[in-house]
Amino acid sequence: MKKQKQCVSKEETRIISSTTSTKVSGENSGQIPADIILDILSRVPAKSITRFRCMSKDWSVTLRRPYFTDLFLKMSSLRPCLLFTFHAEGKWSFFSSPESLLISNQKSSRVAVDYLSHVPIDYPIRACVPVCGLSCTKDEWVLSGKKDARMMLCNPSTGGFTLLPKVKTRRRRVLTYLGYDPVEKVYKVLCMTSCERPYSQKTEQHQVLTLGRGKMNWRMIECSVSHCPHSIAKEICINGVLYYLADGSGSWETSMSMIVCFDIRSEKFKFIVDEAFKDIESPSALINYKGKLGILHPNASGFADERATGFVLWVIDDIENHTWSKNIIVLPSLWWSLVAGTRFHIVGTTGDSEIMFSPSVVSIPFYIFCYNMETNSIRRVEIQGLGPVNGQKIYTFLNHVENVKLLT
């Protein structure tokens, strides 16, 4: 079906033109075209859009329309950010800094972050990897210890949030993942319940919730392969497919690691099971490596601290045919002196072939580490502006984009 071209409506043109018309002395008068105005507005920070919506009723209506929301998301995807989030003093707080500051000046030893927003929540949370500017809490029932706890969807750029419907299950363990379909332009939350027996936390019920399509309800979907998602490893969504690591449903000794692929649009599961990936486990990480799915796998159990010596990078070249390339990377000796006992996790890769690592806990000072695969060099960058916090669990994400979508 031919895709319908989006354009500024006549009503939007009238509203913006009447609001921004510029009178010129003499016989001539001019107006700035509406699409140029919207293009300019799509390039400003999300906080500015929030203020502009308060200028007048007409501006509020125009800047809340789906067309502008999609345009803003398209433009902000060209300027991705580094996102930091943690829970402290009853708040889920968000800070960010443009990735360009980190990439353009690789000699810089410090980067300042800006405060974005916070969401009130009175118990610690785990966060899903943000997708197209939105984030969601993860397995909240386990962490809160409250039977009536509900997952929360949040927009870090605006501080807007909404509670998701309660999952209908008798199980206490609930895992959630957030995904986005770029074709239909919809967000979906994948939810899985599992039992809590040791070494037997295989998923049982699989449910999906679609955002922005009327009343939110959980829908049961089929999953033909029983599996146990890795609770520590990060998921990733690339081109409308959600990927996460899991173990098969065999015994703890014999179960083989696999890559689960969930198509957001069709809501179908696929599984990549191969002998090459049998040892992949936490703290392995899925990454977006130049638009392809990549797996960073430590070559030693001490990878998450100063004992690390290197890792294996798998790049999946063809998902359907299960073809991939393997790269073995040895960390430079400087790593030992820079890390100095810090425990960290793999964040992902920047557009400049750097792998980023971040501590799992806030400290003063707070550093992230960037390893350049092309030059085999490592650098440490101090992150300034997180505030007077220390000891909280922190989540660091690459490729975060600002979004002005309203959550109701």
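These numbers come from the heavy atoms of this one structure, side chains and all, not from hydrogens, waters or symmetry mates.
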**Item:** For Lys234, salt bridge (charged side-chain N to carboxylate O under 4.0 Å, His left out) partners two or more places apart
**Value:**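 Listed in chain order: nothing, the list is empty.
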
Nearest non-hydrogen partners of [X] and [Y], listed with the distance:
{"X": "Leu41", "Y": "Val44", "value": "O-CG2, 3.0 Å"}
{"X": "Ile287", "Y": "Thr349", "value": "CD1-CG2, 3.5 Å"}
{"X": "Arg126", "Y": "Tyr395", "value": "CG-OH, 3.1 Å"}
{"X": "Ile264", "Y": "Gly179", "value": "CD1-CA, 3.7 Å"}
{"X": "Pro156", "Y": "Leu134", "value": "CD-CA, 4.4 Å"}
{"X": "Asn403", "Y": "Cys132", "value": "ND2-O, 2.8 Å"}

**Message:** Set out, in order, the CA-CA distance, both residues' side-chain angles and the distance that settles side-chain contact (heavy atoms from CB on, under 4.5 Å) for Phe262 and Leu190, then state yes or no.
**Reply:** CA-CA 9 Å; Phe262 179 72; Leu190 172 64; 4.1 Å; yes

[X] versus [Y]: any side-chain heavy-atom pair under 4.5 Å?
{"X": "Cys81", "Y": "Val401", "result": "no"}
{"X": "Leu116", "Y": "Leu83", "result": "yes"}
{"X": "Lys188", "Y": "Val186", "result": "yes"}
{"X": "Tyr289", "Y": "Asn327", "result": "no"}
{"X": "Arg53", "Y": "Arg64", "result": "yes"}
{"X": "Leu82", "Y": "Phe397", "result": "no"}
{"X": "Tyr177", "Y": "Lys138", "result": "yes"}
{"X": "Val404", "Y": "Ser157", "result": "no"}

**Asked** Relative to the ring of Phe369, is the ring of Trp335 parallel (under 30°), tilted (30 to 60°) or perpendicular (over 60°)?
**Response**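 It falls in the tilted class, 30° to 60°.
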
**Message:** Would you call the rings of Phe271 and Phe269 parallel, tilted or perpendicular, taking 30° and 60° as the class edges?
**Reply:**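 Ring orientation of Phe271 relative to Phe269: parallel.
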
Sub-3.5 Å donor-acceptor pair from the side chain of [X] to the main-chain atoms of [Y], do we have one?
{"X": "Thr137", "Y": "Met152", "answer": "yes"}
{"X": "Ser135", "Y": "Val131", "answer": "no"}
{"X": "Gln207", "Y": "Ile221", "answer": "no"}
{"X": "Glu402", "Y": "Gly133", "answer": "no"}
{"X": "Ser60", "Y": "Ser56", "answer": "no"}
{"X": "Ser77", "Y": "Lys74", "answer": "yes"}
{"X": "His118", "Y": "Gly159", "answer": "no"}
{"X": "His400", "Y": "Ser97", "answer": "no"}

**Prompt:** Are Phe86 and Phe95 an aromatic pair by the rule of ring centers under 6.0 Å?
**Reply:**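 Yes, ring centres under 6.0 Å apart.
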
**Prompt:** So, Lys268 and Glu222, do they make that salt bridge, N to O below 4.0 Å?
**Reply:**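 Answer for the salt bridge query: no.
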
Does the side chain of [X] come under 3.5 Å of the side chain of [Y] through a donor N or O and an acceptor N or O?
{"X": "His227", "Y": "Tyr244", "result": "yes"}
{"X": "Trp314", "Y": "Ser325", "result": "no"}
{"X": "Tyr371", "Y": "Asn376", "result": "yes"}
{"X": "Arg219", "Y": "Thr210", "result": "yes"}
{"X": "Ser377", "Y": "Asn372", "result": "no"}

Would you give the length of the straight line joining atom [atom1] of [X] to atom [atom2] of [Y], rounded to the nearest 0.5 angstrom?
{"X": "Met356", "Y": "Leu398", "atom1": "CE", "atom2": "CG", "answer": "4.5 Å"}
{"X": "Cys370", "Y": "Met373", "atom1": "SG", "atom2": "CE", "answer": "11.5 Å"}
{"X": "Thr162", "Y": "Leu406", "atom1": "OG1", "atom2": "CG", "answer": "11.5 Å"}
{"X": "Cys136", "Y": "Leu164", "atom1": "SG", "atom2": "CG", "answer": "5.0 Å"}
{"X": "Ile394", "Y": "Ser93", "atom1": "CD1", "atom2": "OG", "answer": "10.0 Å"}
{"X": "His297", "Y": "Leu313", "atom1": "NE2", "atom2": "CG", "answer": "12.0 Å"}

**Message:** For Cys154 and Trp92: C-alpha separation, side-chain torsions, deciding distance, then whether side-chain contact (heavy atoms from CB on, under 4.5 Å) applies.
**Reply:** CA-CA 10 Å; Cys154 174; Trp92 180 14; 3.9 Å; yes

**Within 6.0 Å of CG in Asn239, more than 12 heavy atoms from elsewhere** =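 For Asn239, atom CG is not crowded (no more than 12 foreign heavy atoms under 6.0 Å).
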
**Message:** A quick test of your reading: do over 12 heavy atoms of other residues, nucleotides or ligands sit less than 6.0 Å from NZ of Lys47?
**Reply:**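 Counting neighbours around NZ of Lys47, more than 12 heavy atoms of other residues, nucleotides or ligands fall under 6.0 Å, so yes.
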
Using distance only, find each side-chain donor-acceptor pair of residues 360-368 under 3.5 Å and give its atom names and separation, not counting sequence neighbours.
from   : atom 1 : to     : atom 2 : distance (Å)
Ser363 : OG     : Pro365 : O      : 2.9

**Request:** Write out all pairs satisfying salt bridge (charged side-chain N to carboxylate O under 4.0 Å, His left out) with one or both partners inside residues 285-299, taking only residues at least two apart or from two chains.
**Result:**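 Qualifying pairs, neighbours excluded: Lys292-Asp317.
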
**Item:** Worked check of side-chain contact (heavy atoms from CB on, under 4.5 Å) between Phe344 and Ser358
**Value:** CA-CA 5 Å; Phe344 57 85; Ser358 173; 5.8 Å; no

**Request:** Report the C-alpha separation of Lys185 and Asp70 in whole Å, then their side-chain angles, then the decisive distance to 0.1 Å, and conclude whether the salt bridge (Lys or Arg N to Asp or Glu O under 4.0 Å) test is met.
**Result:** CA-CA 8 Å; Lys185 298 181 179 180; Asp70 293 340; 3.7 Å; yes

**Message:** Against the six-membered ring of Tyr187, is Arg265 placed for a cation-pi contact (under 6.0 Å from the centre, within 45° of the normal)?
**Reply:**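 The answer is no; the distance or angle limit is not met.
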
**Prompt:** Between Val167 and Met151, is a side-chain contact (heavy atoms from CB on, under 4.5 Å) present by the stated rule, with each step listed?
**Reply:** CA-CA 9 Å; Val167 179; Met151 274 92 62; 3.4 Å; yes

